[in-house]
Protein chains: 2
Amino acid sequence: MIARPTIPFTTQLKYRLISQLYFFGTASCNDLSESLGKSVPHVTKSLYELIDADYIVEKGYAPSNGGRPPLIYALQPDRMYILSVSIDQLYTRIGLLDMSNQFIFPIETIELRLLNNKDALAILTKTLTRILGRMGKDRKKIIGGGFSMPGFVNTRMGINFTYLSTNSKESLRDYLERHLHMPVYIENDSSVLALAELKAGMAQNLQDVMVIDIGWGIGLGMIVKGELFRGHTGYAGELSHIPISESNTLCECGKRGCLETEATLRVVAHRAMEEIKAGRISSLKIVDSPEKMSEAIMAAANQGDQYAIGLLTEMGFKIGKAIAILIHIVNPELIILGGRGAEVGKILIAPIQQALNQYCIPRLAEDTRVKVSQLGHDASLLAAAALVMEKFGQTAL
Amino acid sequence: MIARPTIPFTTQLKYRLISQLYFFGTASCNDLSESLGKSVPHVTKSLYELIDADYIVEKGYAPSNGGRPPLIYALQPDRMYILSVSIDQLYTRIGLLDMSNQFIFPIETIELRLLNNKDALAILTKTLTRILGRMGKDRKKIIGGGFSMPGFVNTRMGINFTYLSTNSKESLRDYLERHLHMPVYIENDSSVLALAELKAGMAQNLQDVMVIDIGWGIGLGMIVKGELFRGHTGYAGELSHIPISESNTLCECGKRGCLETEATLRVVAHRAMEEIKAGRISSLKIVDSPEKMSEAIMAAANQGDQYAIGLLTEMGFKIGKAIAILIHIVNPELIILGGRGAEVGKILIAPIQQALNQYCIPRLAEDTRVKVSQLGHDASLLAAAALVMEKFGQTAL
DNA sequence: ATAAACTTAATAAAATATTTAATAAGTGCC
DNA sequence: GGCACTTATTAAATATTTTATTAAGTTTAT
């Protein structure tokens with residue numbers, strides 16, 4: 001078993017201070033005192049010890065807020081690093097982040113098909129080992145690895161039941177820790193998306209937020225009581241298989257009418273290819289793969305193509321129906337549309353809002369805002385790193 | 001504004017100790033130390049001070065657990081009291097509890113129709129004032145009032161948007177505090193039912209539990225991360241208006257196909273009355289009110305009447321469909337069937353389980369147990385009191 | 001049966017963590 | 001310049017945990 005904390009501090013407060021500063025970027029002693037719920041003198045003391053140990057640096061004074069100007073602190077960027085891995089069905093992206101959230105190497109992307117691929121984990125591990133090899137003596141500074149991946153992930157047990165099998169009894173997390181020699185945290189990709197919104201996006205400082213991951217499938221990341229929520233065994237947010245439609249399309253899961261059979265980019269892409277083949281007139285041309293088709297549809301829709309907009313509007317309305325159910329159960333303050341579908345968020349938001357008006361109790365619909373994510377493509381890598389830093393801040397002694 | 005803590009202790013730990021002892025009934029110093037996450041000597045010290053102040057008493061030694069036998073502590077029963085009020089559409093029950101969870105007067109029940117009743121709150125307040133009048137000098141010992149009630153309740157704002165209007169800008173909570181001179185906590189009845197399970201029933205020590213309130217309507221109380229969950233504005237758990245059916249019965253809320261139009265005791269009672277009138281043969285006879293009809297149906301079902309069982313089985317299956325959706329979203333470890341429908345829980349559990357098998361992803365269905373509540377009729381009064389004690393334990397200084 | 005070894009529980013003393021209160025230092029505004 | 005406000009520093013007081021010690025039982029091996 002890998003010892004979880006790589007750097008041994010003498011008090012828990014120091015772990016929390018570093019974690020907070022990582023998420024804040026910069027902060028004054030007062031900010032930290034307030035956010036950690038500890039007194040200023042106590043925070044000052046630990047802060048100074050961390051400055052002496054060169055983990056934290058003073059960044060000078062900020063403008064006054066109507067009184068004595070606050071001294072600003074930040075993390076020493078190259079004192080610690082985080083390994084961050086974002087895995088999807090086709091590609092895996094790997095980054096190494098410093099304490100100022102900068103990538104210290106260009107992000108590496110490898111093609112790694114997860115489905116029915118027994119060697120996926122071995123290839124991933126090998127690639128990671130190669131990349132880590134470049135770190136030299138800085139390797140010891142890596143405090144952990146955060147992994148975002150699709151599938152049924154049980155975070156507590158460190159297992160992914162769908163992909164990246166270890167082909168043995170060993171859990172995926174233990175396997176990775178054994179090969180990478182660092183603490184590893186794995187999490188479902190939709191949850192990581194939600195974490196990104198919580199730490200760097202629109203969910204900051206909010207309590208109850210649902211992040212819809214619109215892509216090849218449809219996922220849900222839940223922020224409940226200001227924290228990521230994963231349910232009892234880690235499968236909370238299985239939006240894709242709730243029954244939503246009257247057309248009884250058979251789903252992979254064996255049931256009929258699942259949201260996934262009706263409202264994903266995959267469904268839209270396949271449907272467009274069929275309909276165009278059958279003579280449907282549009283600015284859209286058939287392209288060679290459904291993946292590229294979905295991108296073409298989104299591009300066309302953003303250019304104003306009526307057919308593409310129609311397809312996405314229909315998808316949006318069905319997603320809205322599912323969100324209506326979600327709102328009845330969870331009563332969140334904000335719904336964020338994220339994932340690849342966020343590209344056409346502006347087009348989706350109207351039919352979604354319409355579905356909410358139609359299927360929600362008015363009081364509930366009124367109290368819930370719907371917004372499109374502003375986070376870019378690197379968000380999932382930053383959030384996978386956040387996974388590590390969050391645990392770092394919870395390190396007990 | 002009413003000062004929330006009636007009794008001023010010098011440390012927060014003392015409030016938490018009293019709260020814990022209330023819920024535990026009796027406990028050893030070690031039990032308390034563990035459950036509060038504080039060291040034994042620290043707990044001991046506060047415990048002794050509370051014994052000196054006569055809030056807590058020693059109850060002698062418990063049998064050894066393999067070592068030195070632990071000293072057992074309990075609350076002094078008549079040092080503090082809690083006012084507990086459980087309100088439903090027709091009847092309101094009022095109790096006064098001591099610190100050993102005993103009613104110090106027989107529970108009073110008054111008939112109080114909530115619907116379209118402008119005077120409901122005035123009548124309630126008058127009754128409560130009369131009952132409190134009997135307390136004499138013990139009145140000061142009441143540390144608060146807990147109110148369980150139907151409707152859209154926003155606990156943070158202290159408002160019930162559906163019933164018991166104050167006919168003014170003042171919140172219901174403020175109104176009650178002003179008239180009763182004590183801290184008041186109001187909560188939705190389904191949530192209180194969940195709290196009862198959390199504190200005294202099957203949800204004890206569990207993290208994520210859904211309590212289905214099967215009655216005249218259908219409600220949901222949610223335990224998330226080991227605590228009552230109410231969502232952003234307090235309306236989480238609105239199970240009754242999620243779309244579930246293909247038969248498009250119009251619901252009061254204006255939508256079609258809501259669970260409430262298909263699977264409540266009210267629906268079952270009305271349907272039985274119509275069908276029997278139309279000549280349906282059964283051991284059931286028509287009674288004069290739907291309320292009594294529903295009780296007759298449940299009694300007949302428990303006696304083995306096939307028609308009654310059929311009606312309830314159909315209701316159960318539809319409730320199961322809704323629970324399937326719930327499980328996909330929340331991934332709870334336990335579903336508890338509560339409310340008046342728990343009387344026929346044994347009959348409902350089979351069709352519910354069947355619906356889960358049919359509509360849930362297998363992994364999710366496997367990880368979720370379904371049980372029938374064991375709590376009796378007084379549970380909601382005890383839980384309303386728990387509302388008060390829970391806040392008492394959170395009293396800061 | 002009985003002593004030795006092992007539990008669990010309670011207590012006292014010492015060490016550490018954390019807050020409070022008082023004060024100082026800087027800024028902006030009248 | 002004086003006042004209100006925010007931030008920083010220090011000393012003293014308080015809260016809390018850790019460690020070691022004692023007490024009171026149970027279990028196991030003879």
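All values below come from the heavy atoms of this structure, side chains included, with hydrogens, waters and symmetry mates left out. If you're wondering where the values come from, they're calculated on a predicted model, not measured in any experiment.
The number of heavy atoms from other shown groups lying within 6.0 Å of NZ (K59(A)) does not exceed 12.
Residues that satisfy the ring-ring contact (aromatic ring centres under 6.0 Å, His included) test with F23(B), not counting sequence neighbours, are absent from this structure. For E197(B), the side-chain hydrogen bond (donor to acceptor under 3.5 Å, both in side chains) partners are S373(B), not counting sequence neighbours. Not counting sequence neighbours, D31(B) has no partner by the salt bridge (charged side-chain N to carboxylate O under 4.0 Å, His left out) test. Evaluation of the salt bridge (charged side-chain N to carboxylate O under 4.0 Å, His left out) rule for K371(B) yields no partner, not counting sequence neighbours. For E34(A), there are no salt bridge (charged side-chain N to carboxylate O under 4.0 Å, His left out) partners two or more places apart in sequence or in a different chain. Applying the salt bridge (charged side-chain N to carboxylate O under 4.0 Å, His left out) rule to D78(A) yields no partners; only residues at least two apart in sequence or on another chain are considered.
As rounded to whole Å, 9 Å separates atom C1' of dA24(D) from atom OH of Y61(B). Atom P of nucleotide dA9(C) and atom CG of L47(B) are separated by 15 Å, given to the nearest angstrom. Rounded to an integer number of Å, the gap from I72(B) CD1 to dT8(C) P is 16 Å.
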Between the protein and nucleotides 1-6 of chain C, which nitrogen or oxygen pairs are less than 3.5 angstrom apart?
none

Restricting to nitrogen or oxygen on both sides, can you table the protein-nucleotides 1-3 of chain D pairs closer than 3.5 Å?
none

Only pairs under 3.5 Å count here: list side-chain donor-acceptor contacts from residues 36-58 of chain A, not counting sequence neighbours, and write none if there are none.
| from | atom 1 | to | atom 2 | distance (Å) |
| --- | --- | --- | --- | --- |
| T44(A) | OG1 | V40(A) | O | 2.6 |
| E49(A) | OE1 | K14(A) | NZ | 2.5 |

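Residues M99(B) and Y22(B) come closest through the heavy atom pair O-CD1, 3.8 Å. Nearest heavy-atom pair across I142(B) and L83(B) is CG2-N, 4.0 Å. In this structure, T155(B) and R230(B) approach most closely via the heavy-atom pair OG1-NE, 4.5 Å.
Against DNA chain C, the stretch residues 27-35 of chain B makes heavy-atom approaches under 4.0 Å through C29(B), N30(B).
Taking a pair as Watson-Crick or G-U with both hydrogen-bonding distances under 3.5 Å, the stems of three or more pairs touching DNA chain C are C:1-30 with D:1-30.
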> Does the pair E390(A) and K199(A) meet the rule for a side chain to side chain contact (heavy atoms under 4.5 Å, CB included), with working shown?
Replying inline: CA-CA 10 Å; E390(A) 186 155 81; K199(A) 294 299 185 182; 3.2 Å; yes
> Using a cut-off of 4.0 Å between protein heavy atoms and nucleotide atoms, how would you tag nucleotides 9-23 of chain D 5' to 3' with B, S and -?
Replying inline: BB-----SBB----B
